[in-house]
Amino acid sequence: MKRFIITILLLAFAGLSFGAENLPAIIPLPRKVVCKGKIAFTLTESTRILLPRNDKVLRRTAEIFVQTIAREQNLMLKIREKDSGEIRLTVDPQLAEEAYRLDITASGIDIRGGSSAGVFYGLQSFRQLLAQYGTVLPALQIEDAPSFGYRGAMLDCGRHFFTVDEIKTFIDLLALHKINRFHWHLTEDQGWRIEIRRYPELTKIGSQRSETVLGNNSPAYDGTPYGGYYTQDQLRDVVTYAAERFIVIIPEIEMPGHASAALAAYPNLGCIGEGYKVRTHWGVFPEVFCAGKESTIEFLQNVLEEVIKLFPSEYIHVGGDECAKRWWQESEETQQFMREHELKDEKALQSYFIHYVQKVVNAKGKTLIGWDEILEGGISEDCIVMNWRRPEFGKKAVRTNHRTIFTCSAWSYFNLKESRIQSEIGPRGPLSLEKVYEFQIVPDSLTTEQQELVWGAQGCLWTEYIPTTWKAEFAIFPRMSALAENVWSPLEKKDWINFTRKVEMQFERYELWGARYSEAFFRTQDIERKR
Ligand code: ACM
């Protein structure tokens, strides 16, 4: 009733306009927004969402939208497949696949997408408008489509474990930003987090560590056992949850390095002896899978085959980074293998190994993704490179004809603290909001064909110092919002000052969405002003 009276009062000021100070503040910035400035439409309890008949995917999209609006606007919208409705959702094949149009007029709201994903993105923009204006909406028209096909976020669940519910919340927050890939880092030296039925010790032993170092590898440990893993049923549930939000999950199974937890479970996968343990502190360790051993290769093949069955993603990430070569050098068996296969050094062995793994992945109809070290020693063209070191490595990947995802650590690792004065999330940094926003995704001096190989960008969160979702959200927001705008919005519209104006509004939206965020950006600004 109260809402109704407020609405009537507002309508009494039908001439009321939405001024320049109150233009739509959607993140990521849409391609084109025309705001007519007058009140056009008010959502009420009797507003209905009209869907095409028998479109199960769109129905689920609408149901998810209804749930979120019930929570965020305290308004229970109804869904219809016949008669009429005020919020009309349709798929329009004339539009590009992820594109959408959103029109708010006196007769209602039309959201058309090039696919169900496009409709979903239109609804995310609509959600942001509701967060900004409430239920009384201005007349406006949005035409929107992403700049890049790959818009990703990575979460390291090896160093710290996040529950299924926490992962779902993370996915919800990504979906709001029109992120379409969740790169799930599932295996690490400090914990193996994915159930593999054929090798139960991986989770029985590999998912548990005896304790965890305090701080930045200080001499002290907490003395508390720590562990956790996802069962295959849980993984399938999360895959479906993400798919309903148009996010593809790309699992990462690290090899040949970062293998301590797997070796603790199955010591014969290593090159030398026993005595492995799930690591309890942070760093890059010498423990690697023995790349020149038939039984190790067979193990990895079996693991990947189970992983591929669980994740419908076309892409499987096999790590490949920070592989210490010392063990391979010291292992007579490995050296013998290298001689037999005419591999001149350990880099050539790494390349041989990745080629082999690629064949396993390809045989199942999937494409391999690896960190940029997979370029060492050469790989075949259809591997996708994820550039985490300097952009030069990404450039090299593109120049050697690889589709490439840019997640260069200095611009895209959100475990770097946001400002010098922010100490909560770890020792490294800073990586300011502005630096994330300004990252140049397509490097200079590429040919047109090479530019097309730049698939997109990703924000990563490594969790050595991030044991809780509180800290995870604090680390990624608002920087994930900056990355989302960088990878979605057209380059010619990118405008840092305009983005900063929207950040305050975004903070209100984080509150509405129940997400934590860092105010380091404003605190840093204050300090700069006082100087
Ligand atoms: C990485 O940060 N080692 C991919």
Side-chain angles (χ1 to χ4, degrees), residues 150 152-160 181-194 216-217 249-262 279 281-289 315-326 346-347 350-351 353-354 357 368-377 379 383-397 402-417 425-431 435-436 439 441 455-466 472 475-476 479-480 483:
Y150 186 105
M154 188 220 74
L155 182 65
D156 164 17
C157 292
R159 272 55 176 261
H160 281 103
R181 299 291 194 299
F182 169 40
H183 167 183
W184 201 353
H185 187 79
L186 286 163
T187 70
E188 255 310 335
D189 294 298
Q190 295 83 2
W192 181 284
R193 308 277 174 232
I194 168 172
N216 178 15
N217 280 343
I249 298 186
I250 298 177
E252 181 186 354
I253 308 297
E254 272 272 19
M255 58 188 81
H258 290 280
S260 305
R279 287 292 189 166
H281 66 285
W282 320 124
V284 177
F285 302 101
E287 284 86 354
V288 296
F289 288 113
Y315 308 97
I316 303 293
H317 200 309
V318 299
D321 61 316
E322 298 179 319
C323 172
K325 309 287 192 301
R326 200 180 87 208
E346 287 70 25
K347 277 189 181 170
Q350 159 126 350
S351 166
F353 174 84
I354 296 291
V357 172
L368 179 146
I369 304 183
W371 298 109
D372 54 47
E373 287 96 326
I374 65 168
L375 288 167
E376 285 170 13
I379 44 162
C383 293
I384 296 172
V385 174
M386 191 171 264
N387 172 211
W388 72 278
R389 295 179 292 175
R390 284 175 290 111
E392 282 67 32
F393 291 99
K395 241 178 173 171
K396 180 175 166 202
H402 296 284
R403 206 148 26 120
T404 303
I405 300 156
F406 285 79
T407 180
C408 303
S409 54
W411 288 267
S412 313
Y413 273 20
F414 299 147
N415 43 294
L416 303 181
K417 58 188 165 194
I425 59 167
R428 300 208 190 92
L431 167 55
K435 189 166 174 189
V436 175
F439 178 60
I441 299 174
W455 196 15
Q458 172 167 294
C460 291
L461 189 67
W462 300 99
T463 59
E464 284 92 335
Y465 310 103
I466 301 185
I476 66 171
R479 290 180 292 179
M480 184 56 86
L483 184 131

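Counting starts at 1 for both ligands and their atoms, following the listed order.
Taking 4.0 Å as the cut-off between side-chain N and carboxylate O, Glu188 and Arg279 do not count as a salt-bridged pair. Salt-bridge formation is not detected for the pair Lys347/Glu376: no Lys NZ or Arg NE/NH1/NH2 atom is positioned less than 4.0 Å from an Asp or Glu carboxylate oxygen. Checked for salt-bridge contact, Glu287 and Arg326 miss the test: no charged N lies under 4.0 Å from a carboxylate O.
Distances below 4.0 Å separate heavy atoms of Trp462 from the following atoms of ligand 1: 1 (C), 2 (O), 4 (C).
Only one option out of Ile405, Ile379, Ile369 pairs with Val385 in a side-chain contact (heavy atoms from CB on, under 4.5 Å); it is Ile379.
At the shortest separation from atom 3 (N) of ligand 1 among protein heavy atoms lies Asp321 OD2, 2.6 Å. The protein non-hydrogen atom at the shortest distance from atom 2 (O) of ligand 1 is Tyr413 OH, 2.6 Å.
Backbone and side-chain nitrogen or oxygen atoms of Glu322 are examined, and one is located within less than 3.5 angstrom of a nitrogen or oxygen of ligand 1. The distance criterion of under 3.5 Å between nitrogen or oxygen atoms is not met by Trp388 with respect to ligand 1.
For an aromatic pair to be called close, the ring centres must be under 6.0 Å apart, and Trp371 with His183 satisfies this.
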